[in-house]
Enquirer: 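Structure below; questions to follow.
Numbers for residues simply follow the sequence, beginning at 1. Ligands are counted one by one from 1 in listed order, and the atoms in each one are counted from 1 as well.
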Amino acid sequence: MSENLNPFAIAQAQLDEAAAVLQLDPDMHAFLREPMREFHFTIPVKMDDGSTKTFQGFRVQYNDARGPAKGGIRFHPDETIDTVRALAAWMTWKTAVSDIPLGGGKGGIICNPRTMSPGELERLSRGYMRNIARYIGITQDVPAPDVNTHPQIMAWMLDEYEKLMGWHEPGVITGKPLPLGGSQGRTPATALGGLFTIREAAKARGLSLDGATCAIQGYGNVGSHAHQLAGQFGLNVVAVSDEFGAIYNPHGLDHKVVTDHLRRHGKVVDCPETEAINNAELLELNVDILIPAAIENQLTSQNAARIKAKIVAELANGPTTPEADNILNDKGVYIIPDFLCNAGGVIVSYFEMVQNGYQFYWDEAMVNERLDQKITTAFHAVHTMSQSKKVDTRVSAYLVAVDRVAEAVRLRGWV
Ligand code: NAD
């Protein structure tokens with residue numbers, strides 16, 4: 001049978017596996033397999049050339065038993081409702097495993113932001129917010145940035161929401177620019193959180209990170225910050241990639257040189273003092289740590305047997321298919337599963353909501369220290385569960401998270 005790459009089918013299959021280990025009540029299992037609510041809508045946008053283009057938008061509130069739904073908004077030409085559903089499910093497990101009082105949601109627009117002007121993007125962002133404004137809020141659902149969306153887009157959306165409501169409510173959206181109530185440390189938080197989990201996984205594996213080699217797939221917000229911060233953890237990043245190709249230098253890549261090159265040329269390939277390799281080769285390099293930080297379904301049954309890394313740190317969402325998971329686990333690779341590894345972003349988003357609520361802001365050192373505490377605690381809950389139940393780390397992350405969400409659902413009397 002061919003490998004099923006539908007992300008929502010994968011998310012459901014992962015839940016099914018955890019439900020079997022947990023011996024989850026079948027009614028609870030059926031409830032947790034589906035999103036609680038979703039919104040599909042069209043967004044007509046006046047384009048610069050005078051035409052009107054209609055875009056398709058989605059917002060999925062997967063589960064809000066533990067608190068308001070929380071999750072980013074993606075702008076992507078290949079966005080599908082099933083991708084958004086899967087990501088909303090993973091957000092539910094992510095907020096639960098991180099033990100923050102939020103549920104899970106996700107949003108998306110089918111669009112190619114690279115071909116749009118700033119004015120068109122602003123009108124699209126405001127149009128998206130007009131569609132969802134009445135269904136979101138600090139007590140209902142709090143969006144954030146994700147693939148191809150950034151603080152400026154959050155600022156436009158916040159402004160549109162506040163105009164519609166007639167009051168200030170900065171906590172309605174996170175990942176805002178600092179002058180509008182953003183948090184210090186939010187932009188690098190996903191990467192930094194992932195590096196904290198790599199530090200803990202290396203300790204668990206008895207692996208020293210001092211000079212350990214690392215390859216990073218994807219050089220956007222997450223991948224680039226992971227490269228920038230990796231040195232603080234002793235890691236030597238020898239290869240990075242973007243959608244156009246990959247670069248390699250066995251002695252290490254300098255973050256500033258790569259980002260300067262990317263800024264000038266729009267891609268990492270041809271960066272000075274690097275060898276060009278392709279994206280498939282990057283994944284199979286002989287490195288200690290592999291960080292997928294791009295898109296879904298990158299480690300599959302086709303390449304998993306050739307992965308040489310000792311630790312796979314899933315900063316991207318859904319980079320590993322279930323078939324690849326089995327192959328990597330059999331090889332003894334330590335997988336830090338996506339919704340644990342990349343929880344740093346939502347943890348600091350939660351800190352941003354807390355600061356907005358108090359109207360009192362923390363410095364970056366305090367944000368990072370609290371992030372370290374939260375994600376390290378989450379890592380050890382998952383690692384300990386994995387050892388005690390003798391299951392792989394992804395299943396154990398599900399056990400911790402699903403148990404917490406199911407308990408909230410039960411206490412509310414929904415199932
Ligand atoms: P981004 O859009 O800033 O960057 C994505 C990067 O991946 C770009 O460099 C792009 O060129 C590259 N890429 C795309 N297709 C590729 C391919 N086939 N091979 C190699 N590189 C490819 O996105 P981001 O915010 O850095 O997010 C990356 C991943 O991390 C996504 O899976 C996202 O869902 C996840 N994530 C992001 C955050 C966050 O805070 N930004 C939080 C949690 C999870």
Side-chain angles (χ1 to χ4, degrees), residues 5 7 11 70-79 83-84 86-91 93-95 97-98 104 106-108 111-114 143-151 153-154 174-176 182-183 185-194 197 215-228 239-247 258-259 261-263 265-269 271 277-283 290-300 303 313-320 336-350 352 371 375:
L5 300 182
K70 185 86 192 82
I73 300 166
R74 296 156 37 106
F75 285 6
H76 201 281
D78 303 326
E79 194 63 285
T83 310
V84 180
L87 291 163
W90 287 322
M91 284 304 298
W93 315 133
K94 191 184 301 191
T95 53
V97 87
S98 312
K106 206 77 172 188
C111 68
N112 185 353
R114 279 163 215 250
D146 204 297
V147 170
N148 291 328
T149 55
H150 45 68
I153 289 176
M154 300 304 111
T174 59
K176 300 178 291 293
S183 176
R186 172 62 184 87
T187 308
T190 304
L192 181 61
T197 65
I216 302 174
Q217 184 199 39
Y219 212 70
N221 176 42
V222 176
S224 171
H225 280 108
H227 184 190
Q228 185 178 27
V240 301
S241 66
D242 59 24
E243 67 207 81
F244 307 107
I247 53 174
V258 179
T259 44
H261 179 84
L262 177 64
R263 201 172 306 119
H265 302 281
K267 51 187 173 183
V268 297
V269 280
C271 180
I277 58 173
N278 64 40
N279 266 317
E281 288 169 324
L282 175 133
L283 298 173
L290 175 63
I291 304 183
I295 52 170
E296 308 86 44
N297 296 329
Q298 297 303 295
L299 305 180
T300 67
N303 60 6
E314 296 181 339
L315 273 174
N317 283 309
T320 310
I336 310 174
D338 49 10
F339 67 79
L340 169 63
C341 188
N342 66 32
V346 76
I347 291 171
V348 175
S349 274
Y350 161 61
E352 185 175 330
L371 168 60
I375 206 159

Enquirer: Measuring from each atom of ligand 1, which residues have a heavy atom under 4.0 Å away?
Expert: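 For ligand 1, the residues that come within the 4.0 Å heavy-atom cutoff are K94, D146, V147, N148, R186, T190, Q217, G218, Y219, G220, N221, V222, S241, D242, E243, N279, A293, A294, I295, L315, A316, N317, N342.
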
Enquirer: List in chain and number order the residues that pass ring pair (Phe, Tyr, Trp, His ring centres under 6.0 Å) with Y219, two or more places apart in sequence or in another chain; answer none if no residue qualifies.
Expert: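 Per chain and number, Y219 pairs via ring pair (Phe, Tyr, Trp, His ring centres under 6.0 Å) with H227.
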
Enquirer: Just wondering, do P145 and R186 contact through their side chains at under 4.5 Å, heavy atoms?
Expert: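 In contact.
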
Enquirer: With rounding to the nearest 0.5 angstrom, report the CG to OG1 distance, L340 to T197.
Expert: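 Output value for this atom pair is 5.5 Å.
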
Enquirer: Write down the atom of A144, the atom of K70, and the distance for their closest heavy-atom approach.
Expert: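 The answer is CB-NZ, 3.6 Å.
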
Enquirer: First locate atom CD1 of I153, then atom CG of D146, and finally report the distance between them rounded to the nearest 0.5 Å.
Expert: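 The CD1 atom of I153 sits 11.5 Å away from the CG atom of D146.
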
Enquirer: Can you give me the closest heavy-atom contact between I73 and P143, atom names plus distance?
Expert: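 For I73 versus P143, the nearest heavy atoms are CD1-CB, 3.6 Å.
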
